[in-house]
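Each remark here refers to the structure printed beneath this line.
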Amino acid sequence: MALRTVSALKRRLGGAGLGLLRSGQISSAAGRSGAGRARAGRGRGVAWTRPRLGEEQLGPTCPVGPTWESVSRPSSTDRKCLGRAGNFLPCAAQHRLEKTPSYIDYPATARRSFSNHRVIVDMDQSLGVATIKIKNPPVNSLSLELLTEFLIGWEKLENDKSCKGVILTSNYPKIFSAGLDILEMCGKNAAHYTEYWKAVQELWLKLYMSNMVVIAAINGSSPAGGCLLALTSDYRVMADNPKYTIGLNETLLGIVAPFWFKDNLVNTIGNRASEQALQLGLLFSPAEALKIGLVDQLVPEDKVQSTALSVMSQWLKIPDHARQLTKTMMRKPTADLLLKQREADIDNFVRFISRDGIQKSLHMYLKALKERKE
Ligand SMILES: CCCCCCCCCCCCC/C=C/C(=O)SCCNC(=O)CCNC(=O)[C@H](O)C(C)(C)COP(=O)(O)OP(=O)(O)OC[C@H]1O[C@@H](n2cnc3c(N)ncnc32)[C@H](O)[C@@H]1OP(=O)(O)O
């Protein structure tokens with residue numbers, strides 16, 4: 001039976017021992033958290049208590065690098081917040097986490113793959129790198145089912161302590177992702193829009209705040225939500241094919257990029273370039289995207305994956321905790337803005353998308369896409 005919602009999957013997975021997806025809660029927002037591992041441990045009956053984020057854990061100097069304390073000393077509010085968000089833990093807690101038994105028992109092979117209908121995950125255990133290939137034909141639109149399956153695959157990787165990095169790519173060269181599935185935003189009811197938007201928020205928060213290194217291997221066009229997906233990564237390698245485009249083109253559909261789409265873009269290409277790009281709904285060629293910093297590197301199509309892997313190996317040479325702390329320091333304020341007003345953002349989306357005028361615009365856009373083919 002097709003699983004239609006994140007909640008349905010959560011219920012189903014409750015008994016399967018996977019880390020739970022907790023949409024709507026801060027702890028679900030960010031990566032391989034202590035909470036996530038604790039939950040995973042409990043799922044397997046492993047007796048282990050989540051470390052408390054008290055003073056005692058700001059303890060002795062980490063033998064492999066600076067302590068949390070020496071990077072910056074957060075306030076107690078920050079600590080609670082960081083702990084709940086799970087973005088990072090002080091060294092002592094990290095070390096305890098390292099000793100936590102993984103609930104995923106891998107066979108002794110160096111590669112491991114799992115896939116569901118719309119997401120293929122190939123884990124190279126010798127490198128500690130997973131590749132996620134999106135396969136939602138025809139255009140990898142981010143349907144609710146895809147988002148749900150993606151979230152489950154992501155959670156598995158977050159809970160696998162051997163996985164240090166993820167490469168995001170498409171199973172279909174030519175299209176990385178067509179963005180949010182317009183059919184999910186057309187002609188449905190408020191409950192459906194709510195469920196859909198929660199899943200969109202959830203995926204963005206998880207990817208944007210992941211402690212793993214995330215590299216996008218953009219092997220095709222990547223409009224709107226597809227561009228956002230790429231923007232969550234730490235580094236973007238794109239195929240150098242002038243037929244491909246990338247950008248947040250929401251205004252061309254008569255809709256508005258939400259503030260956190262905008263923030264992610266501003267953090268990447270700056271305010272002025274974002275202002276123009278967002279108002280005009282600009283879709284950039286790879287060369288233009290490189291020029292404004294929307295992508296980091298262009299390579300021939302057949303080198304996208306190998307380049308992403310070699311960039312990954314560079315990133316993985318950096319001491320993990322230092323890189324993670326730095327990533328968190330850079331990104332947390334942006335993620336927090338959404339976390340603080342998640343419900344309001346859902347309400348805004350549902351109200352906005354339910355408007356007759358917006359529904360009309362989306363229908364016309366879909367019609368134009370179809371007519372383009374004829
Ligand atoms: C006061 C202010 C308040 C503010 C409040 C804000 C609230 C929030 C507002 C809402 C925010 C929403 C944010 C939205 C983000 C999005 O991502 S919207 C989606 C945008 N995507 C696009 O514009 C891409 C459209 N598609 C394409 O350009 C092309 O399809 C392609 C990806 C370049 C591929 O081209 P090609 O290979 O030629 O394939 P096509 O023939 O065009 O398409 C094949 C079929 O797929 C259908 N399709 C394409 N894209 C989508 C999609 N995104 N969703 C659903 N379906 C899609 C297309 O119609 C074809 O269908 P068939 O004709 O039936 O085969």
Side-chain angles (χ1 to χ4, degrees), residues 118 134-147 150 170-188 190 192-204 207 218-232 238-239 241-265 274 277-286 289 337-338 341-374:
R118 294 166 186 84
I134 309 169
K135 55 155 188 153
N136 195 23
V139 289
N140 276 346
S141 62
L142 303 174
S143 64
L144 182 55
E145 283 179 337
L146 170 66
L147 294 175
F150 201 128
S170 163
N171 196 44
Y172 311 113
K174 294 195 174 73
I175 300 167
F176 180 71
S177 165
L180 300 194
D181 194 318
I182 299 167
L183 300 173
E184 301 282 8
M185 303 186 284
C186 262
K188 305 276 198 306
H192 180 86
Y193 298 143
T194 300
E195 193 75 37
Y196 184 59
W197 202 246
K198 266 188 191 165
V200 176
Q201 288 180 337
E202 183 88 355
L203 190 68
W204 180 76
L207 268 59
I218 309 167
N219 49 347
S221 286
S222 199
C227 176
L228 183 76
L229 189 63
L231 282 170
T232 60
M238 188 170 186
N241 182 335
K243 286 188 183 151
Y244 301 160
T245 58
I246 182 166
L248 294 181
N249 62 325
E250 278 78 356
T251 52
L252 301 184
L253 286 76
I255 56 180
V256 181
F259 72 89
W260 40 285
F261 285 42
K262 178 267 293 175
D263 289 345
N264 198 161
L265 185 70
S274 298
L278 286 168
Q279 288 192 50
L280 300 175
L282 294 180
L283 285 168
F284 299 96
S285 69
L337 288 177
L338 175 58
Q341 44 187 318
R342 244 176 131 163
E343 294 305 319
D345 183 63
I346 292 169
D347 290 347
N348 272 340
F349 171 76
V350 174
R351 257 203 315 274
F352 183 83
I353 216 73
S354 305
R355 283 188 204 161
D356 286 346
I358 300 300
Q359 286 290 311
K360 218 178 199 171
S361 292
L362 291 176
H363 278 293
M364 278 165 54
Y365 188 76
L366 269 177
K367 194 162 164 255
L369 274 180
K370 287 184 198 305
E371 283 170 2
R372 213 180 46 165
K373 283 200 299 194
E374 292 158 5

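Order of appearance sets the numbers: ligands from 1, and atoms from 1 within every ligand. Computed from a prediction, not measured in an experiment: that's the story for all the values here.
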Among Asn136, Leu180, Asp181, which one satisfies side-chain contact (heavy atoms from CB on, under 4.5 Å) with Leu142?
-> Leu180

Correct closest heavy-atom pair for Ser177 and Pro223 would be O-CD, 3.1 Å

So the salt bridge (charged side-chain N to carboxylate O under 4.0 Å, His left out) pairs with at least one residue in residues 344-363 (sequence neighbours excluded) are none

Determine, step by step, whether Trp197 and Trp260 satisfy the ring pair (Phe, Tyr, Trp, His ring centres under 6.0 Å) criterion, reporting the C-alpha distance in whole Å, the side-chain angles of both residues, the deciding distance to 0.1 Å, and the verdict.
-> CA-CA 13 Å; Trp197 202 246; Trp260 40 285; 5.6 Å; yes

Leu265 side chain near Leu278 side chain, heavy-atom distance below 4.5 Å | yes

Does a salt bridge link Lys198 with Glu202, judged by any charged N lying under 4.0 Å from a carboxylate O?
-> no

Does ligand 1 have any N/O atom under 3.5 Å from a protein N/O, and what are those pairs and their distances?
residue  : atom   : partner : partner atom : Å
ligand 1 : 17 (O) : Leu180  : N            : 2.8
ligand 1 : 17 (O) : Gly225  : N            : 2.8
ligand 1 : 21 (N) : Ala178  : O            : 2.9
ligand 1 : 23 (O) : Asn249  : ND2          : 3.1
ligand 1 : 23 (O) : Tyr365  : OH           : 2.6
ligand 1 : 42 (O) : Arg372  : NH2          : 2.7
ligand 1 : 53 (N) : Ala178  : O            : 3.2
ligand 1 : 53 (N) : Leu180  : O            : 3.0
ligand 1 : 54 (N) : Ile182  : N            : 2.9
ligand 1 : 63 (O) : Lys370  : NZ           : 3.4
ligand 1 : 63 (O) : Lys373  : NZ           : 2.9
ligand 1 : 64 (O) : Lys370  : NZ           : 2.7
ligand 1 : 65 (O) : Lys373  : NZ           : 2.8

